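What follows is a set of notes on a single structure, which appears directly below.
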Amino acid sequence: MEKLQNFINGKYITPISGAYLDNFEPATGKVYSLIPDSDERDVELAVEAAEKAFPIWSKMTIEERSKILVKLSEGIEARMDEFVQAESRDNGKPVSLAGHVDIPRAVSNFHFFATAILHFASESHYMEGQGINYTLRKPIGIVGCISPWNLPLYLFSWKIAPALAAGNCVIAKPSEVTPYTAYLLGQVAKEAGMPDGVLNILHGLGGKVGDAIVKHKKIKAISFTGGTKTGEYLARTAAPMFKKLSLELGGKNPVIIFADCDFNEMLSTTIRSSFANQGQICLCGSRIFIERSIYEKFKTAFVEKVNKTVVSYPQDPNAKMGALVSLPHLEKVLSYVELAKQEGGTVLSGGERVHLEAPYNEGYYMRPTVIEGLSYDCRTNQEEIFGPVVTLTPFDSEEEVMKMVNSTEYGLQTTLWTSNLERAHRIADEAQSGIVWINSWMVRDLRTPFGGVKSSGVGREGGWEALRFFTEPKNVFVKY
Ligand code: NDP
């Protein structure tokens, strides 16, 4: 059985404990590799390496750093197929999705920040007759990047790329459930000429090695994407050490559909926004609100399309949905379907686990699920499920739908379908979320601020926001 290793100080090494954890293949439910069960001793090694590397990396010219990051991006691109297959196998997502979204996006993340840093400028403030202030933006030092399993390399690189571009050394931990592409990244970084110790990748349990990263005094900032509960714990742990924190957390995103929208475009996009990546994207819309005059039309057309969705093993080119990421997660999602029934909901489609033919019969598959008849404030409509489950709710007025839209503790994104321009802008303004998509979904421009409000997080990623997060501003005043 293949044993993955930690990547510390430019070398692949075994965890100090010598212990390993099982890595399951979601498509078959079988263990297919082992990952290091790292702990605080491995973090200590990584910190020592990063401390040595920091003066080299932070003092390198921006052009040199940029070149290495461009090479890193090209290195992933050159091994596209290997990364795509690895991501799909580790996560259960269709190969086609990993090939169209996950890995190309990881390539873009490195390329984007490799070049963005060349244009990153700091501010100056002139004081008439007195002098001038200028702001230095220095790298922070050693930073921690912790990412989840749903878009493994995509979100891992979204953090690491700006952190490195800004001149920091990184100690990163992917989810223990999806470690493989992060494991491969070490090789590519080495080949790209990244100095030893600049990027260190540790594997293992969140509560163990992740916790040790958060608690380490020399790690000055933490960029975290994951669940709200974990984010809350991280904030409580890191705040007394005054660490900089960027927290991208859960969501319970609304999709608002008005009768005046382009019905066909809305319908096909809503299938994607509901079930892409098995519904395991923080940006998926799980609460669908439909203007009552088109409720029945939408329901019939949507359910018909959902029933035709092909759930299959990841390598099947026809698969629109693959396996969920793990057995505990599948069980959690299915438990919400039971809860929805108890809360008075009617399952219009799906709701059950799927057993494919061998060798995929123990894989973690379920049908895309559509539920109606629930109140907007029940648990099913308030708690994050993070799987292929959506609810349908009719509405009569803008006022009524906005009350329901803004009723959850979350505020990551809002999707809106209408041809009424005035209404679109009004709702975009009123929606309590960090991101709004009008007549579209998941159109991403890497320059824009990315993140949520309320329990969906603190801080923003993307573009200058990320480079500002990973630098410490220092103001200098010069008297005339
Ligand atoms: P978790 O919060 O369980 O884990 C996220 C990461 O944190 C994993 O690497 C995990 O390691 C690690 N971790 C867990 N506990 C600790 C700890 N005590 N200290 C340090 N690190 C820890 O989230 P999931 O992996 O289950 O991801 C799903 C969640 O991520 C959903 O809530 C989803 O909404 C959110 N998400 C948010 C996005 C956004 O941009 N706002 C984007 C994508 C997902 P391990 O895997 O080993 O437990």
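Only a predicted model underlies this, so the values are computations on that prediction, with no experimental measurement involved. For ligands, and for the atoms within them, numbers begin at 1 and follow the listed sequence.
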Check: Considering distance alone, does some N or O of Leu155 sit under 3.5 Å from an N or O of ligand 1?
Finding: no

Check: Any idea which part of Leu249 is under 4.0 Å from ligand 1, heavy-atom wise: side chain, backbone, both or neither?
Finding: backbone

Check: So, Asp90 versus Asn23: side-chain donor-acceptor pair below 3.5 Å or not?
Finding: yes

Margin query: Is there a polar contact between ligand 1 and Ser175, counting only N or O atoms under 3.5 Å apart?
Written below: yes

Next item on the list: Mind listing the closest non-hydrogen atom pair of Gly451 and Glu248 along with its distance?
Entry: CA-OE1, 3.1 Å

Checklist line | Close N or O approach (Glu176, ligand 1; < 3.5 Å) | finding: yes

Next item on the list: Examine the proximity of ligand 1 to Glu384 and report which part, side chain or backbone, both or neither, has a heavy atom under 4.0 Å away.
Entry: side chain

Margin query: Return the closest protein heavy atom for atom 27 (O) of ligand 1 as residue, atom name and distance.
Written below: Pro148 CB, 3.3 Å

Next item on the list: Compare every heavy atom of Asp102 with every heavy atom of Pro152, then report the nearest pair and how far apart it is.
Entry: CD-OD2, 4.1 Å

Item checked: Distance-only polar pair, side chains of Gln315 and Arg89, donor-acceptor under 3.5 Å -> no

Check: Got the closest protein heavy atom to atom 40 (O) of ligand 1, with its distance?
Finding: Phe450 CE2, 3.2 Å

Next item on the list: Go through the side-chain N and O atoms of Tyr180 and Asn91 and say whether any donor and acceptor fall under 3.5 Å apart.
Entry: no

Notebook entry, point to check: Can you tell which of Ser326, Gly206, Gly144 gets a heavy atom nearest to atom 13 (N) of ligand 1?
Noted result: Gly206

